[in-house]
Amino acid sequence: MSPMAESATAAPPAPLLEMTGIDKSFPGVRALAGVDLVLHPGEVLAVVGENGAGKSTLMKILGGAYLPDSGRISLNGKETRILNPVDARRGGVAVIYQEFNLIPRMTVRENIFLGRERTRLGFFDRRSETDEVKRIFERIGVRLDPEAECGDLSVAQQQTVEIAKALSLDARIIVMDEPTAALTDQEVERLFEIIRDLKSNRIGVIYISHRLDEVFRIADTIMVLRDGQLVGARPVSQFNRQSVIEMMVGRRIENEFPKREAETGGERLVIRNLTRGTSVGGVSFSVRAGEILGLTGLVGSGRTELARLIFGADAADSGSISLDGRELRIRSPKDAISCGICLLTEDRKTQGLVLDHSVRDNFGLPNLSGFSTWGFVREREESEALAGFVEKLRIKIPHHEEVARNLSGGNQQKVVLAKWLQRDCKVIIFDEPTRGIDVGAKYEIYTLMNRLAEDGKCIIMISSELPEALGMSDRILVMRGGRIAGEIADVPCATQEQVMHMAVG
Amino acid sequence: MAGNRGRMGAAGRRFIADYGMIFVLLLLCVYYSVATLNVQYPTGSEAARQVVAECRERLPSGDAALIVAHHGQDASDFAREAEAGLKAAGVEVAGVVLGDPSALRLELERLGAAGRAPKAILATREAAEWRLIRNIGEILPASSGVSVFCPESHRWPDFLKRNNLLAVADRIVVIAIVAIGMTMVIITAGIDLSVGSLIAFSAVMATRLIRDAAGAANASAAGMVLCCLAAIVACGIVGVFSGLMVTLFSVPPFIATLAMMLVASGTAYTLAAGQSIYEVPASIDRLGRGTSLFGLPNTLILMAVLYVVAHVMMSRTALGRYVYATGGNREAARLSGVPVRRVILFVYAVCGALAGLGGVVQTSQLQSGAPTYGLMYELYVIAAVVVGGTSLSGGQGKILGTLIGAFIIAVIQNGMNLTGVESYTQNIILGLVILAAVLLDKLKQRGWRLRGGESG
C-alpha cells in the first residue's frame with residue numbers, strides 16, 4: 001500500500017458514497033468497466049467524458065434505473081444494493097435528469113410532493129406542504145410561488161423546483177446531468193449559488209457537464225471517464241482545461257477549432273425581409289458560397305425561428321428567399337429540401353430522428369426519392385450509401401438496423417448529418433450542432449463543416465456558445481428580439497464581450 | 001464470421017419480434033387438432049367410389065351385390081354413384097335399399113326367396129353401423145356368407161378437415177381485409193373506428209344501387225361491378241374525410257372516426273330503410289362463394305393478393321417507409337421532407353376503401369345487403385391488428401403480423417365452436433386471449449422479465 005493511500009484511509013470523514021468496480025454491459029457494448037467513484041459530504045464532483053464514455057450509465061446505476069453487472073455501492077460507509085429508483089431515493093440519492101420529471105399542469109408544490117402528498121384526517125394538508133416548500137426555497141435562496149404552474153416556469157426555475165424536490169426528499173447526494181445546458185449565463189450564476197449553498201449543507205453534488213469552464217469554476221474534484229473506464233479523479237487544482245480534454249479524448253488536441261482556408265465566392269442565399277409574427281421581424285441577410293455564417297444571440301432571440309422559416313418548417317408572413325439568383329417558393333420542409341436547403345435541428349431526439357426506427361430508416365428518410373424506382377426502394381444502394389457515411393463520419397454502430405435511440409448523442413448527430421449529406425444540399429443550416437456532444441466528436445463535426453464550406457456550400461451555424469461561434473464563423477450575425485441586432489464581419493478580431501453587447505443591446 | 005453470425009442472430013431476433021405470434025397460432029392449431037381428433041370416413045360419392053373399388057378387388061366375379069344406404073342426400077349420392085360404379089365394373093346389382101334396417105330386412109328376405117341372395121353388401125358408414133348388418137349372420141342365417149363393404153374410417157381432427165379450414169378462412173376474410181387498412185392507420189399512430197359502419201354502408205349502398213339503378217335481380221355483371229366499385233369509392237371518400245379532419249383540424253383520430261362511424265351507420269340504415277336488400281342477382285355470390293385456382297375460394301385469393309400487395313408496399317416502397325416514419329415521429333418525418341399530411345390522408349382513404357371492399361365481400365357472401373352488417377367489426381379488426389403485434393402508439397407493426405392476428409382470432413372462435421363452448425363463454429375467452437397475446441408481446445419486448453419497464 002502506498003503512503004498516499006494510507007493517509008487517505010486515515011482521513012476521518014466517511015465518504016457519502018463509494019462505488020467500486022462497477023461493471024455494466026449492454027448487448028455489444030461494455031458501457032462501464034470497473035469504475036470507482038468516491039463522493040464526500042460537501043464535495044462537488046464533476047464527472048466529465050465524451051458522450052458514450054459511461055457517465056449517464058454510471059448515474060443511472062446510482063439512481064436505480066439500471067442494475068450493475070458487478071461492483072459494490074456503499075452509502076455512508078454501509079454497503080447498499082440499489083435495485084430500483086425507490087431504493088435510491090431511500091438511500092438519499094436524487095438524480096436530476098436533463099429532461100425534467102415535472103408535470104407541467106401541476107403547481108410547484110404539487111410537483112414537489114407528487115406521490116407522497118401530505119394528508120391530515122384524510123384530506124390534503126396543503127398548508128403543511130406550502131410551509132415545507134417555502135422553508136426549502138428559503139434555504140437555497142430562491143423566490144418562487146409554490147402555487148405557480150410548472151409549465152409556466154422558465155427552464156432555470158423548473159430546475160430549482162427539481163432541486164427543491166430533491167431536498168424535500170432529504171437527499172444527501174444530488175446528481176445533476178448537464179444542468180446548465182438550457183440556462184442563460186445569469187441563470188447559471190444563480191445555479192452555482194444554489195450549489196454552493198448545498199455544499200455548505202454538507203450535501204454531495206455530482207455534476208455532469210460538457211462545459212469545462214463551468215466545471216473548473218464549481219467543482220472540487222474532476223473525474224474523467226473514457227470508453228467506460230476511469231481515466232483519473234483528482235482535485236481540480238491538479239488539472240487545467242487542456243489536460244482534461246486530453247484525458248477525455250485520449251490524445252493531444254492542438255486546437256479546438258480546425259483551421260480553414262477561407263475562400264468565399266459570390267452571394268448564393270439571399271434572404272429579404274423575412275417576417276413571422278413577433279418572433280422574426282424583417283430579417284435580411286445573405287450567405288456567400290463557401291461561407292460559414294454564425295448566427296448567435298440569447299435564447300429566444302429568434303435564431304431557431306428564423307432557421308425554421310428558411311426551411312419551411314413554419315410559414316412566413318412575408319419576405320423572400322432566393323438561391324443562386326432564383327427566387328424560391330418554400331411552403332414546407334419538402335419544398336426546401338427539393339430546393340437544396342436542409343436543417344439540422346437543435347433537438348435531435350424529437351425533431352431530427354425517429355428514435356425507435358433503425359439508423360438505415362432514418363438515413364433513408366429524406367433520400368428515398370433518390371433511392372427508389374417506381375416507388376420501390378433500392379435497399380442495397382441505400383445500405384451502400386450509408387456504409388460510406390458510417391466510414392467517412394466514423395459513426396459507431398453495430399449494424400445498420402440498430403435503433404437510433406441506442407446511439408450516443410454524437411453518433412445520433414452524425415446519423416442526422418449523414419442523411420443530409422447524402423442529399424448534397426446547397427444550404428446547410430446547423431442549429432446548435434454540437435450541443436450535448438463530446439469534444440472529440442465536436443472536432444470531427446467542425447472539420448466536416450469546413451469541408452462542406454470548401455465545397456462552396458452555404459453554411460449557417462446557430463450557436464449559443466460564443467467560443468464556437470467565434471472560432472468557426474467567417475461572419476457573425478447577432479439576433480435580438482427577432483431582428484438582426486448587429487453583424488461582425490471581422491471575426492478574428494472580435495471578442496465575446498463585443499458579441500454579448502450586441503445580443504443584450 | 002462473427003459479424004455474419006451476429007447479423008443472422010439479429011435477423012432471427014427481428015423475425016421473432018415481428019412475427020412471434022405465429023408460434024401462438026401454430027400452438028392453437030396443434031391444440032385444436034388434438035382436441036378435435038375424431039373418427040373420419042368418406043361420405044357420398046367419394047365413399048361410393050372407395051367401396052366399389054374395394055368390392056371389385058375382393059368380390060369374385062359373377063356374384064351380385066346389394067347397395068344399402070340410410071336416408072339423406074349423402075346417402076342417395078352414395079347409392080347412385082355405387083350403382084353406376086358397379087355396373088361399369090360389370091358387377092350385378094341385386095338391388096338398392098334406401099331407408100332403414102327394416103327395409104333392408106324385407107329386401108334380403110325377398111331376394112333370398114327369389115334365390116338371388118347377394119354375396120356382398122355395399123353400405124354407407126351409417127348403414128354399416130346398423131345392428132342388422134353388423135350381426136347379419138346371427139339375425140339372418142340365410143345371409144351368413146355375405147361380405148359387407150363399407151367406407152374405411154381413419155382418425156383425423158375435425159379442425160383440420162378441408163371444409164373446416166375453408167370455413168375458418170371464410171369467417172375471417174372480411175375482418176382480415178379491413179385489418180390491412182387498419183394496420184396502416186394504426187402504424188401512423190391513428191385509429192379508425194368507422195370501419196364496421198362502413199362495411200354496412202358499403203353493403204347497403206352497393207345493393208341499393210344494384211336494385212335501383214342496375215336492374216335489380218336482372219342486373220348485368222358489369223352493372224354489379226360498377227355498383228360495388230361505387231360503394232368502395234364512397235367508403236374511400238369517407239376515409240379521406242376522416243383524414244382531412246385529422247390533418248387539417250388536428251381532430252383526434254378517435255373522435256373523427258367515431259363521428260364517421262355514427263354518420264356511416266345512420267346513412268346505411270336510412271338508405272336501406274332499416275331493411276335488408278335482397279333484390280340482387282344470385283350470381284353476386286361469385287366473389288363470396290365462388291372458387292377458382294385449385295378450388296380455393298375467391299375471397300381467400302382476394303385476401304392473399306391484398307396482403308401480398310400491402311406487405312410489399314409497406315416493406316419495400318418509399319410510401320411504406322413514410323407511413324412508418326409518420327407514426328414513429330411525425331415532426332421528425334415532416335422535417336425530413338415526408339409529406340405527412342398526404343400520408344395520413346392516404347392511410348385513412350385505404351382503410352375506408354378496404355372497409356368498403358369488406359362490405360362488398362359480405363354482400364356477396366350473403367347475397368344481400370343490410371345495415372346490420374359489420375356490427376362490432378371495428379373491434380375485431382383492431383384486435384386482429386393488436387394481436388398481430390402492431391403498437392397502438394405508432395411507428396411499429398407488420399402487415400403479415402395482422403394476418404396472423406386475424407387467424408388467431410378465427411382459429412380460437414372456430415375451435416371453440418368445434419369443441420362445443422357456449423357462445424357467451426366464447427366472448428369471455430376471446431377477450432382474455434386478446435389480452436394475453438398483447439401481454440405476451442410486451443413481455444417479449446422487455447426480455448421476459450416480469451418486473452421492468454416503469455417501476456414504482
Side-chain angles (χ1 to χ4, degrees), chain A residues 27-28 64-65 83-87 89 115 308 311-313 332-338 341-345 347-358 360-379 382 398-402 404 416 419-420 423, chain B residues 2-15 17-18 187-189 247 309 311-343 346 391 393-397 445 447 449 451-456:
Chain A
L83 299 177
N84 53 46
V86 179
D87 288 348
R89 189 200 281 181
R308 285 175 64 90
F311 187 57
S332 68
K334 191 172 168 0
D335 292 343
I337 293 166
S338 53
I341 299 175
C342 70
L343 169 68
L344 280 83
T345 53
D347 190 338
R348 292 181 289 275
K349 293 188 177 178
T350 64
Q351 301 182 344
L353 291 166
V354 184
L355 281 183
D356 287 321
H357 289 184
S358 70
R360 185 169 58 83
D361 282 341
N362 273 293
F363 168 73
L365 204 52
N367 300 306
L368 289 180
S369 53
F371 286 132
S372 48
T373 29
W374 302 104
F376 285 86
V377 182
R378 299 189 299 272
E379 292 193 355
E382 181 190 34
H399 47 80
H400 293 176
E401 303 305 322
E402 180 71 357
V416 176
K419 82 177 190 185
W420 291 120
R423 275 217 70 103
Chain B
N4 204 9
R5 200 167 52 222
R7 215 165 28 244
M8 293 291 288
R13 270 199 302 278
R14 272 169 65 89
F15 178 82
D18 291 344
I187 287 175
T188 65
T247 51
V309 169
H311 173 72
V312 169
M313 190 214 96
M314 289 300 279
S315 59
R316 293 268 173 265
T317 69
L319 180 58
R321 294 267 201 101
Y322 288 168
V323 172
Y324 280 107
T326 300
N329 184 340
R330 186 166 161 184
E331 184 63 2
R334 188 174 82 95
L335 295 179
S336 295
V338 175
V340 289
R341 284 187 172 172
R342 268 185 274 160
V343 168
F346 169 79
S391 146
S393 46
Q396 312 278 343
Q445 276 173 17
R449 276 177 297 122
R451 288 185 45 132
E454 299 107 72
S455 54

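Heavy atoms only: backbone and side chains are in, while hydrogens, waters and symmetry mates are out. Residue numbering restarts at 1 for every chain, and letters A, B, ... go by the order of the sequence lines. Note that the coordinates shown come from a computational prediction; the quantities given were computed from them, not determined experimentally.
Looking at A/Trp374, neither its backbone nor its side chain comes within 4.5 Å of chain B, counting heavy atoms on both sides. Residue A/Glu382 touches chain B through its side chain alone, counting heavy-atom pairs closer than 4.5 Å. Proximity to chain B is absent for every atom of A/Ser338, based on heavy atoms less than 4.5 angstrom apart. With a 4.5 angstrom heavy-atom cutoff, A/Gln351 touches chain B via backbone and side-chain atoms both. For A/Phe371, no part sits under 4.5 Å from any heavy atom of chain B, backbone or side chain. The contact between A/Leu353 and chain B is made entirely by backbone atoms, counting heavy-atom distances below 4.5 Å. For a residue to count as touching a neighbouring chain, one of its non-hydrogen atoms must lie under 4.5 Å from one of that chain's; by this rule A/Lys349 touches chain B with the backbone only. Residue A/Arg423 does not touch chain B at all, counting heavy-atom pairs closer than 4.5 Å.
Between A/Ile337 and B/Leu335, the closest heavy-atom pair is CD1-O, 4.0 Å. For the residue pair B/Gly395 and A/His357, the shortest heavy atom distance occurs at O-NE2, 2.7 Å. Contact detail for A/Leu368 and B/Tyr322: the closest heavy-atom pair is CD1-CE2, 3.6 Å.
Contact check for B/Tyr324 versus A/Val354: no side-chain heavy atoms found under the 4.5 Å cut-off. Looking at heavy atoms from C-beta onward, B/Asn329 lies out of side-chain contact with A/Leu355 at the 4.5 angstrom threshold.
Interatomic distance, B/Ser336 OG to A/Trp420 CH2, rounded to the nearest 0.5 Å: 5.0 Å. Here the OG atom belonging to B/Ser391 is positioned 8.5 Å from the CG atom belonging to A/Asp356, to the nearest 0.5 angstrom.
The most heavy-atom pairs under 4.5 Å with chain A, out of B/Arg321, B/Arg330, B/Met313, come from B/Arg321. Top candidate by heavy-atom pairs under 4.5 Å with chain B, chosen from A/Ala336, A/Ala313, A/Gly352, is A/Ala313.
By the side chain to side chain donor-acceptor pair (under 3.5 Å) test, B/Arg334 pairs with B/Glu331, sequence neighbours left out. Qualifying side chain to side chain donor-acceptor pair (under 3.5 Å) partners for A/Ser369, counting only residues two or more places apart in sequence or in other chains: none.
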